[in-house]
J.: 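Structure incoming, see below.
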Number of protein chains: 2
Amino acid sequence: MNRPMRSRRQATLASLAAELGVSRTTVSNAYNRPDQLSPELRKRVLETAKRLGYAGPDPVARSLRTRRAGAVGLLLTENLSYAFRDPAAGGVLEGLALACEDAGVGLTLVPGGPGNEDVAAVHRAGVDGFVVYSVPDDDPHLEAALQRPVPTVIVDQPQLDGLDRVGPDDEAATVDLANHVVGLGHRQVGVLCMRLSSDRNDDFASQYRQQDAHYHVQRARLAALQRTFEAAGVPWDSVPVVERFDHHVDDGASAARQLLDKHPRVTALICTSDILALGALAEAGRRGLRVPADLTITGFDGIGEATRAGLTTVHQPVLEKGKAAGQLLLGAGDRVASKVITLPTELRVGTTSGPPRTAEQHWFGP
Amino acid sequence: MNRPMRSRRQATLASLAAELGVSRTTVSNAYNRPDQLSPELRKRVLETAKRLGYAGPDPVARSLRTRRAGAVGLLLTENLSYAFRDPAAGGVLEGLALACEDAGVGLTLVPGGPGNEDVAAVHRAGVDGFVVYSVPDDDPHLEAALQRPVPTVIVDQPQLDGLDRVGPDDEAATVDLANHVVGLGHRQVGVLCMRLSSDRNDDFASQYRQQDAHYHVQRARLAALQRTFEAAGVPWDSVPVVERFDHHVDDGASAARQLLDKHPRVTALICTSDILALGALAEAGRRGLRVPADLTITGFDGIGEATRAGLTTVHQPVLEKGKAAGQLLLGAGDRVASKVITLPTELRVGTTSGPPRTAEQHWFGP
DNA sequence: TGAACAAACCGTAACGGTTCAGAACACGGT
DNA sequence: ACCGTGTTCTGAACCGTTACGGTTTGTTCA
């Protein structure tokens, strides 16, 4: 410890006031309202503070009195690696952090361990509001947050009526993407998706499991794919869907392997995230499949690495998403009605999608 | 707002106690020490709480009394994008978040805007300690944190005596890497490095600027390179060093461009981060340079994308780094002496390094 | 001359909890 | 009838600060 030795006890505003022979109010004013006391006295207060090793009013006591914690809480998916390893999630965090920074408030990551039913941390967090990102619809932590008498904003994931929410139109964006793939002529497709529910299932996902997914975004994207492909005459029960609980590039690779082993004739792999798509790309390379000649691969999110890899994907403004959430939350309080912000998306056709290798071409585009 | 309507004022422990006709102590015990009251009464308390919309003891008031905020503060570099976009930084954050999660405490990102001299946020943060990551040695926010009567742990960046610190041996690791490059026979090398000081300099960095760098890690790596190359007979003033303030792949590309435009004869580009190296790789491709036949490129950190790209780099255990920092901080308090944890690194030779294209080969290896 | 007013400072009452030393009571044993 | 031992609940002190409504002092101006 290189910090200066302190007297028996940490100095407080009161002890400082006693030492100076002034009232506590005056010391408080020295820090919070410089215009309320003479510059000389203020200087004297600050000097004595330094001498006593007093670093200014205690944040917690201040928060209690002012009823503002000066921080917003972030509730996110059970496994943190998703939040930090997926650039899309990172973008959301960054945007949110930026909004908080602008407002001069902290951003507190509230713990909610894997399978952790312990919501105590949510109750114990000293925050002025919550941003909830990417948790399943029935998450107990979310419920705990809603109990707290502070505003809450949802980003993307839980779908709940009456709450402030920020996110893209996942259905519409996915329909665009699917139409692109259909338009290229693909009829034998496979899907790689992220975790659908809280229980681990690193395997094919039944239609029931798809419809029952607790992760709204995945459910929405799958539903949109189903709609589009069925409209194109592809029965959904003929489309294999492989799910992965974790969300690393390797998981995408293993999912692709599992799917292609069982369904070698698919000509397109639609992935519900870029990370999974990058893994699929790696697996395709390992098998000697040319992309897109032998296999079309698409992602979702539009992260940097995807762009660099030329991935066909849907880009969404993740930074803005986080920022919007923060601003929404910090601007709340006066507002009465709940607000929903829908962000634009953009289909970005790269070099990983093309017509299928099979002889008969279904080409509907110009 | 879908939250239940509340009476005039939010319920408190006192109002609950009054409603029930018991003491505040008892209500408090119902939440914190269930064994201190009869199960029936506890049940009655909890039921009444639910009825009144009381979500449990106020976190801030509790923190004031117990003198534990239940969160650790994270102070990081001025620009957040570094923290969220660089997977190495993300790994540190994740590890730290994991350690916090294990301990059931929150992790608060304390704002400290770019060029923001306003350290108020550091004083206002209700935290039990600080982790400082990747800030310049003379950062005012760091100073503010040290004033606070809470423990502090440094990760990687600021080099300050007497403080707890976690990080790799940057010098030794860089020497290993440099020896690898020297051993391959390279004598005409260039260096791409990250921000050296708080002022922007997207240009070549003079030797003075290198030695005066406020970012300790960069300074250490450059110094190690200098030592190794001079030992191999390469005068350091013949080695161009290009600096970039921001830290995206594109910045690495533009830095490589700038360096290669002026020094087309260099046979190796040593980058102080994988992100910069990935950019250099892209720029090499753009120029039609074969890697490593025409140009050797190395990185630092060992992030996933680097591995996938086959980059020669130094791997460091970023997750463990963050975890160690968290554990160190949360385990502090009883401890007296300051502690320093040095993490192991590993040189990972990939497919982006090889002997130089020039005729004369200097091969010192087996 | 004294009324009006601004500047500088102060006293008190919260803010919403936790904690500790007991009080009140019930119960079995002697 | 008395004692010791739990169990269950309570009263009061305290955590460190800021909000609010003063009082005091000095200056200005009709």
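To find a chain, count down the sequence lines: A is the first, B the second, and so on, and within it residues start at 1. All values derive from a computational prediction rather than experimental measurement.
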J.: Taking only the side-chain heavy atoms of A:Pro57 (C-beta and beyond), determine which of C:dT18, D:dT18, C:dG16 contains the nearest atom.
T.: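 Closest of the options to the side chain of A:Pro57: D:dT18.
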J.: Does a side-chain N or O from A:Arg67 land closer than 4.0 Å to OP1 or OP2 of C:dC15, or not?
T.: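 For C:dC15, neither OP1 nor OP2 has a side-chain N or O of A:Arg67 closer than 4.0 Å.
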J.: Taking atom P of D:dT10 as reference, at what distance in whole Å does atom CG of B:Leu16 sit?
T.: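 Whole-Å distance recorded here is 13 Å.
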J.: In whole angstroms, how far is the P atom of D:dG16 from the CG atom of B:Leu64?
T.: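 After rounding, the gap between these two atoms is 7 Å.
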J.: So, does A:Tyr31 get its side chain near the phosphate of D:dG16, meaning an N or O under 4.0 Å from OP1 or OP2?
T.: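 Answer no for this pair, as no side-chain N or O of A:Tyr31 is under 4.0 Å from OP1 or OP2.
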J.: Contact between B:Ile154 and B:Leu142 at the side-chain level, heavy atoms closer than 4.5 Å - yes or no?
T.: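 A side-chain contact exists here, since the closest heavy-atom pair is under 4.5 Å.
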J.: Report the distance from atom NE2 of A:His123 to atom P of C:dG16, rounded to the nearest whole Å.
T.: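 Rounding to the nearest Å, NE2 of A:His123 and P of C:dG16 are 17 Å apart.
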J.: Do B:Ser23 and B:Thr26 have a side chain donor and acceptor closer than 3.5 Å?
T.: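 Looking only at side-chain atoms, B:Thr26 and B:Ser23 do form a donor-acceptor pair, the distance falling under 3.5 Å.
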J.: Heavy atoms only, 4.0 Å cut-off, all strands: where does B:Arg68 land among base, sugar-phosphate and nothing?
T.: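 Nothing: the residue B:Arg68, judged by heavy atoms under 4.0 Å, touches no strand.
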J.: Counting primed atoms plus P, OP1 and OP2 as sugar-phosphate and everything else as base, spell out the protein contacts along nucleotides 4-10 of chain C at 4.0 Å heavy-atom distance: B, S or - for each nucleotide, 5' to 3'.
T.: ----SBB
J.: Starting from P on D:dC9, measure out to CZ on B:Arg44 and report it in whole angstrom.
T.: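 Result: 9 Å.
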J.: Below the 4.0 Å mark, does D:dC15 have OP1 or OP2 next to a side-chain nitrogen or oxygen of A:Arg65?
T.: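 So the side chain of A:Arg65 is outside the cut-off, no N or O lying under 4.0 Å from OP1 or OP2 of D:dC15.
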J.: How close or far is atom P of C:dG16 from atom CZ of A:Arg124, stated in whole angstroms?
T.: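 In whole Å, C:dG16 P and A:Arg124 CZ are 19 Å from each other.
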J.: Just say parallel, tilted or perpendicular for the rings of B:Tyr54 and B:Tyr31, cut-offs at 30° and 60°.
T.: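 Rings of B:Tyr54 and B:Tyr31: perpendicular, over 60°.
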J.: If you count every heavy atom of other residues, nucleotides or ligands that lies below 6.0 Å from A:Arg68 atom CZ, does the total exceed 12?
T.: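 Count not over threshold, so no.
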J.: Ignoring hydrogens and angles, tell me if any N or O in the side chain of B:Thr12 forms a donor-acceptor pair with the backbone of B:Ala14 under 3.5 Å.
T.: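 Side chain of B:Thr12 to backbone of B:Ala14, a donor-acceptor pair under 3.5 Å: yes, one is there.
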J.: Do A:Thr48 and A:Arg51 come within less than 4.5 Å of each other through their side chains, counting heavy atoms only?
T.: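 In short, these two side chains touch, coming nearer than 4.5 Å.
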J.: Measure the distance from CZ on B:Arg33 to P on D:dT10 and round it to the nearest whole Å.
T.: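 Nearest whole value for this atom pair: 16 Å.
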J.: Are more than 12 heavy atoms from other residues, nucleotides or ligands located less than 6.0 Å from atom CZ of B:Arg124?
T.: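 Open.
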J.: Have a look at the helix from C:dT1-D:dA30 to C:dT30-D:dA1 and give the angle its two end axes make, five pairs each, rounded to 10 degrees.
T.: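 Between the first-five-pair axis and the last-five-pair axis there is 50°.
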J.: CZ of A:Arg44 to CD of A:Glu40: how many Å apart, nearest 0.5 Å?
T.: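 So the gap between those two atoms works out to 10.0 Å.
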J.: Looking just at side-chain N and O atoms, do B:Asp138 and B:His214 make a donor-acceptor pair shorter than 3.5 Å?
T.: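 There is such a pair (donor and acceptor under 3.5 Å, judged by atom type) between the side chains of B:Asp138 and B:His214.
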